[in-house]
**Student:** 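Once you've had a glance at the structure underneath, I'll fire off some questions.
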Amino acid sequence: MEIPYEVKPRRDTGLYNAKLGVWLFLASEVMLFGGLFSAYVFLRAGVQDGVDNPWPWGLNVHKDYVWLGFINTLVLIGSSVGVVFAWVALKERNWRRFQIYMYSVVACAVVFMCIKGVEYNSKLNHHHGIKLLDNSVMEGTILDKTDRVRFEGTTVSFSIQGALPAFLKDLDDEAFPTFTVVDAKNEDGSAVTLTSMSELKKWFLQERRRVAGELTGERKRYRSEIASGAETPTPVSVTTSATLKAAEPFHLHANPRKVIGHSDTGVNYRDGSKVEGTLISDDVLFEIHEVDMQLVLPQKQRDSILWDVVNDEGAKQEFFAKQQKYYETFREYYAERNEIMPEKMLRGHKLNLHYVHVGGHGDDHEHGDDHEHSKKGEEKHEVEVHSSESKPSAAGSKVEGDGGHHGTITVPRDKIKFMGNHGPRYGNYYAIYFTMTALHGLHVVGGALVLLFFVVFGKKLYLKNPEHLANRVEVGGLFWHFVDLIWIFLFPIMYLL
Amino acid sequence: MAEHTQDWAKVKKSYLMVGIALFFCTGLTLALGLWAPFDVGPPGPTPGDYVIGLAVATFKASLVALIFMHLNHEKSLVYKTLVFTVLFFLSLMVLTLFTASDPILEQYDTYESTNGKLIEKL
Amino acid sequence: MSTVTVETTDQSHDDHDHHDHYEPFWKKYIFSTDHKTIGIQYGFTSLIFLAFGFFLMMVMRWSIAYPDRAVPLLADWPWFQAWLDDGGKVTGDLYNMFGAMHGTIMVFLGVVPLAFGAFGNYVTPLQIGAVDMAFPRLNMASYWFFLLGGVLMFVSFFLPSGAAKAGWTNYSPLATTTDIHYGDLFWTGQTQWLMGMVFLISSSLLGAVNFICTIINLRCRGMTWMRMPFFVWAMLVTGFLLLLAFPPLEVAAIMQLMDRMAGTSFYIPTGLNVSGMAFDAAGGGSPLLYQHLFWFLAHPEVYVLILPAIAIVSEIIPCNTRKPLWGYKTMVYAVMVLGFLAFIVWAHHMYITGMGPAISTFFQTTTVLISIPSVILITSLLISMWGGSIRFNVPMLFATAFIPMFGIGGLTGLPLAFSLPDLHLHDTYYVIGHFHYVVAPGTIFALFAGIYHWYPKITGRMMGTRLGHWHFWPSLIFMNGIFAPMFFQGMAGFHRRAFDGGKAYEQISNQVFAEPNSFIANICELLRVIEPDAAVRMIDLNIVTSGAAWLLAVAQVPFIINLFISGFIGKKANSDNPWNATTLDWATPTPPPHGNFITEPVAYRGPYEYSVPGADKDYTPQFEDGPTALVEDNGAEEVEEEESHA
Ligand code: HEM
Ligand SMILES: [Cu+2]
């Protein structure tokens, strides 16, 4: 049985099956990315001035990684050209040339994904931000994973129904303590001890089954008591929680997202599990680079709690000096045109143009970033910004330890509203940036694999029916161009605007 | 079939030209983004900048679609499908935005709704 | 082939015929690329899911009718220990879980796969005279994606968190924050719902591409557009609906997945509080964005639920009235208009979200407009029956019942199209009654009709008529017994998704529906729904509804028996075309072999030439050569033209 029109187009529609198929598929892809673009516009247009996080300016987010985006655009366009040439090579029945073009297209895809990796890495691992209670924001790097609560536990208690308790993930696997189960005995009367994670998990599952069994029995009894007309049936009572004592104190790095609250003596997890012991520290060590006051009412900025946390009068002065300069450019701009400056310009996403450096620089990489960024500010608005080398005043901030980490401050956790890396969680710009580029990246990978398949395994088909292979390459190419086309829009809206 | 008799050298040349045009436009996009002289309207990204940036991107995209994806000479069925797709995509984006722009309640005090009182003069 | 081996049984085929005559079992029945096998796979899987969704509903109905009594039979099942309370009563969590999964399973795993996956797959290629789908392997992939999605959904019941609980609509931020306290968020039902949806959507997209390609490119000779049976048209439009409406839901699902797993705030507004605590997210998102993306799919989805049903009915009615389908062309254009409008009405589900009057007027207008093509379709079917000599066999009974049932569902939808009455009716049992009339006695009846109708083609045997009647009449009665009271309850103010059936709201639930000793009260008394000489309160209707729902389950027993035993002991179909129908699907051998047709099929005429004056019998199949009845049919030259080409 053969499906008709696999190679030759059908006469009345003028299309062969795969081509029709890919166009339909692309139509659905238009709706897929269309949905995401709609979400982008909807979220960006929906930013409430002074309430939501302002939509950052792509240039400011990416700083010198803008160049990477630019190069990636070129790489993708290059690969698109490669695909059409590979197709023409097939049409001209030149296998060798087809191979060369197709392999270089795949190479372009690899380069693209590597560059993407570099970009992601910088955002996920090197840039962090902390929003304080009054919505002032510090940008920099959280040091040594101090966003976690460091705790020394001795006792844990949790429910033995449902899922494994959440605190297990925050334990140090290597230094797993020896736990003794309180109020439980082995059959020979010895205490129940658990010495490793796997042992604990096994024990948990066993206990869970036991509790479920007990519960079934108890409930049966309870219902039959009701059924036999008992006025006050004995309520169901089954112990559904367990307490473990550690032989020696163990370290816990509690993930703040899983914790409801903690005190000097205990950590309470969202799923109800509790760890008791002593708090080591819940301060966040932060290497501060920039300050962002967009979400603070202008008249409150000078009293922001951020300045208490930073504790650096020089940096504060500098910040407001720069801010003044920055406003001037706006004033000038509107004065020149004889227009009234809309005040909301100052509260909108414009203000993050003037992040201000505080503190010195621990690492050269960051250093380069900021430098580049200030330069951009200069070019664009002729704001005179101190070059980051001359930063005498900032060095006076609280310095933790000595050596490397200049400008490292300690942020008390109770002053923090939100913190994290510049990953998708950091705000809607980041969320949609990561979602769209990752989805696009998936398409790149998928497309490249298909094209690679054509060139690696296509020879047999080429010898049998070169037109069929050319058709396949055309169809694969259509998909590839579409992926390129999406990027053509992603580049300006994510990197530049 | 028409394609067999096509002059491939000519086709290749046109692809090359389009490639070059795309490279050039990408440079232009970057320049528009980075260089102050290209900044339209007040400093920073403003509606004027969006329009220009997206216009260049649209131009590039249509080059890709028309030449690389052969949409300059395609079968009517493909056009019909795509026209409807684009229509539905636009309705998704535009109608969604409209619903947001025409709310019954102002949920928050904004600069406009408080007549500028939300933020005191600087 | 120089050495003749014993295995070479079939020498009539020459070498270039790539027919594998021997296919191992797993290839023939499990990983098959044959559209008919895949159709049957879809059919069985979705029937199982329908039964499962029905089971969930029966438990819910218990909780609604008797919120303070233990669930019978289930309380000792180990799984239920975590979800029933000590006395064996349904908890709110369990009700929410079952409600959400009933909706999801019925829509995405039951009706759509049965209507589109099973009937579409089996019948469409046959009706257009194609050997198979355009991309058989893609077709197989789409079934396996569907199964994977379904299995994920099913397995999620057995996770510690249970399955999804936030309604089939999965609105954020509720859906984002449900079960957020679990240590391992990925293995929670709510997250697995999203994963399952991603697979189901991918499956539907592959299926849609395949259907559209097949219909456009694989029509046999002579099968011009206007000679396609209406069934095929409806499948084409359905395919486009799936193709273009599902991607935004995929976007919505991906973004909700990001919200849950990566902590983004696409749908989390600034300053959200959950259980009295500030929710740890950056904020700035919009819950409405989710609703827009969701309903952009979900409105077209209701047409995906109903169009295949209309398609099936529009095959069965002309066949059993022995009359052409009335207004075939009008119906074709109507279904296209309907498909188009389906994309721009979605926000009628969102009138109460604070949309302003201007945009809401737009959506009210389009919503009312879309009722026009729907009415055209249903009216054409009705008129088709006028003056026919109707054969009331079992498929025809179901098809006939479909029309008024769908009519009730559609007409009760009109008040919901206007924002003012919708303010009152939104999220009440009125809405539940409205859409269930469309999908349950509507679509499900049409699907039953389709099963009875095509069963002889699939198995070569007819389904039993007596069992069919035992299936149809009780089903008709109980369906109405379930859903009609919901309108009254809804108008009285009963809110949907209430696990105690509205008991907590005494002012609403104690309203009197029928005075003591009135006719209705007497019946209710007879049925032991109320005490003697009491009034029938609104809340008493819960018991009527629930009772009808359980009896409806009993009414399906004859069907299940019929379905399984008829394949072995049913009456043999007297020919390949037992109903004397006209479309190409009846031109195949029974059951159709791989490749479908023995000789190349040609469509010589329009699809519904029944009782053509002057013809020798009361039907002239499409595949029969000869003069056509319709003057305006201009496909004839095309056949000749193509013949000269071939
Ligand atoms: C024939 C028997 C059926 C009965 C008796 C039934 C009954 C119910 C009940 C009692 C509810 C819950 C109402 C509430 O608590 O708010 C419900 C919800 C729902 N049903 Fe059905 N149903 C049936 C068939 C179907 C079918 C065939 C479909 C879909 C094609 C369907 C789709 C839904 C949906 C989408 C919901 C809403 C779930 C939610 O609130 O999230 N049902 N049904
Ligand atoms: Cu709707």
Side-chain angles (χ1 to χ4, degrees), chain A residues 1-5 10-11 13 15 17 20-21 24-25 27-29 31-32 34-36 39 42-43 46-48 51-53 161-166 168-169 212 215-216 219-220 222-223 226 235-236 256-258 260 269-272 418 420 423-428 431-432 434-435 439, chain C residues 18-19 70 75-76 78 81-82 84 86-88 131-132 134-136 159-161 180-184 187 205 208-210 212-213 216-218 243-248 250-252 254-255 258 262-266 270-271 277 280-286 289 292-293 296 594-595 642 645:
Chain A
M1 184 194 75
E2 249 178 50
I3 311 279
Y5 312 119
R10 184 187 163 107
R11 214 161 49 78
T13 59
L15 296 163
N17 295 346
L20 180 55
L24 291 170
F25 179 66
S28 90
E29 291 283 82
M31 293 307 289
L32 183 79
L36 282 165
F42 190 83
L43 290 172
V47 171
Q48 306 261 354
V51 178
D52 298 335
N53 285 335
Q161 287 178 300
L164 283 164
L168 286 182
K169 288 217 162 140
L215 201 64
T216 315
R219 283 177 167 176
K220 241 190 196 143
Y222 180 74
R223 283 201 311 277
I226 295 181
V236 173
R257 298 197 60 212
K258 301 275 173 214
I260 307 185
Y269 279 85
R270 279 175 185 277
D271 70 343
F418 181 86
R425 214 176 133 248
Y426 196 63
N428 272 337
I432 196 113
F434 273 98
T435 309
L439 203 64
Chain C
H18 302 282
H19 235 141
D76 292 335
Q81 293 312 314
L84 296 176
D86 287 348
V131 290
D132 204 321
F135 311 108
L159 296 172
S161 67
I180 201 86
H181 59 275
Y182 277 85
D184 189 353
W187 291 108
L205 289 179
V209 169
N210 215 343
I212 301 173
C213 261
I216 290 180
N217 241 21
L218 295 195
L243 185 77
L244 300 180
F246 251 132
E250 189 143 25
V251 170
I254 290 172
M255 297 204 311
M258 291 288 284
T264 57
S265 26
F266 284 118
T270 303
M277 271 177 60
D280 180 27
S286 163
L289 176 61
H292 281 296
L293 293 173
F296 188 83
H594 199 151
E642 286 200 21
H645 260 267

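In what follows, every chain begins at residue 1, and chains take the letters A, B, ... in the order their sequences are listed. Note that these values count all heavy atoms, side chains included, but never hydrogens, waters or copies made by symmetry.
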**Student:** Of all heavy-atom pairs between A166(A) and Y269(A), which one has the smallest distance, and what is that distance?
**Tutor:** CB-CD2, 4.0 Å
**Student:** Assess whether side chain to side chain contact (heavy atoms under 4.5 Å, CB included) is satisfied between D271(A) and Y182(C), documenting all intermediate values.
**Tutor:** CA-CA 6 Å; D271(A) 70 343; Y182(C) 277 85; over 6 Å; no
**Student:** If we define contacts as heavy-atom pairs under 4.5 Å, which of T216(A), L164(A), L43(A), L168(A) has the most with chain C?
**Tutor:** T216(A)
**Student:** With a 4.5 angstrom heavy-atom cut-off, is it the side chain or the backbone of R257(A) that approaches chain C, or both, or neither?
**Tutor:** both
**Student:** Start with the C-alpha distance between T264(C) and F434(A), add both sets of side-chain angles, then the distance that settles side chain to side chain contact (heavy atoms under 4.5 Å, CB included), and finish with yes or no.
**Tutor:** CA-CA 10 Å; T264(C) 57; F434(A) 273 98; over 6 Å; no
**Student:** Tell me which of these, M255(C), M258(C), H181(C), has more heavy-atom pairs under 4.5 Å with chain A than the rest.
**Tutor:** H181(C)
**Student:** Where does the angle between the aromatic ring planes of F42(A) and H292(C) fall among parallel (under 30°), tilted (30 to 60°) and perpendicular (over 60°)?
**Tutor:** perpendicular
**Student:** Hey, which of L36(A), L215(A), I226(A) has the most heavy atom pairs under 4.5 Å with chain C?
**Tutor:** L36(A)
**Student:** Need one label for F246(C): side chain, backbone, both or neither, based on atoms under 4.5 Å from any heavy atom in chain A.
**Tutor:** neither
**Student:** Working to the nearest 0.5 Å, report the span between CD1 of I3(A) and CG of L218(C).
**Tutor:** 6.5 Å
**Student:** Where does L439(A) contact chain C at under 4.5 Å (heavy atoms): side chain, backbone, both or neither?
**Tutor:** side chain
**Student:** Go through the atoms of P78(C) and report whether side chain, backbone, both or neither lie under 4.5 Å from a heavy atom of chain A.
**Tutor:** neither
**Student:** Is there a side-chain contact between L24(A) and C213(C), using heavy atoms and a 4.5 Å cut-off?
**Tutor:** yes
**Student:** Evaluate the side chain to side chain contact (heavy atoms under 4.5 Å, CB included) criterion for residues I432(A) and F266(C): first the C-alpha distance (whole Å), next the side-chain angles of each, then the deciding distance (0.1 Å), finally the verdict.
**Tutor:** CA-CA 8 Å; I432(A) 196 113; F266(C) 284 118; 4.0 Å; yes
**Student:** With the side chain counted from C-beta on, respond yes when Q48(A) and T270(C) share a heavy-atom pair under 4.5 Å apart, and no when they do not.
**Tutor:** no
**Student:** Can you tell which of L289(C), V209(C), I180(C), L205(C) has the highest number of heavy-atom pairs within less than 4.5 Å of chain A?
**Tutor:** L289(C)
**Student:** Identify the two heavy atoms, one from P160(C) and one from G162(A), that lie closest to each other, and give their separation to 0.1 Å.
**Tutor:** CB-C, 3.5 Å
**Student:** Out of I216(C), D132(C), D184(C), L293(C), return the one with the most heavy atom pairs under 4.5 angstrom to chain A.
**Tutor:** I216(C)
**Student:** Where do F418(A) and D280(C) come nearest, in terms of heavy atoms and distance?
**Tutor:** CD1-OD1, 3.8 Å
**Student:** Among G423(A), G35(A), P256(A), S28(A), which residue forms the greatest number of heavy-atom pairs with chain C at distances under 4.5 Å?
**Tutor:** S28(A)
**Student:** L244(C) versus chain A, heavy atoms under 4.5 Å apart: side chain, backbone, both or neither?
**Tutor:** both
**Student:** Identify which of L84(C), D76(C), N210(C), I212(C) forms the greatest number of heavy-atom pairs closer than 4.5 Å to chain A.
**Tutor:** D76(C)
**Student:** So which of M31(A), R425(A), R219(A) has the largest heavy-atom pair count under 4.5 angstrom toward chain C?
**Tutor:** R219(A)
**Student:** Counting heavy-atom pairs under 4.5 Å with chain A, which one of A75(C), G283(C), S161(C), A70(C) comes out on top?
**Tutor:** A75(C)
**Student:** I'd like to verify something: which residue of G183(C), A262(C), A282(C) has the highest number of heavy-atom pairs under 4.5 Å with chain A?
**Tutor:** A282(C)
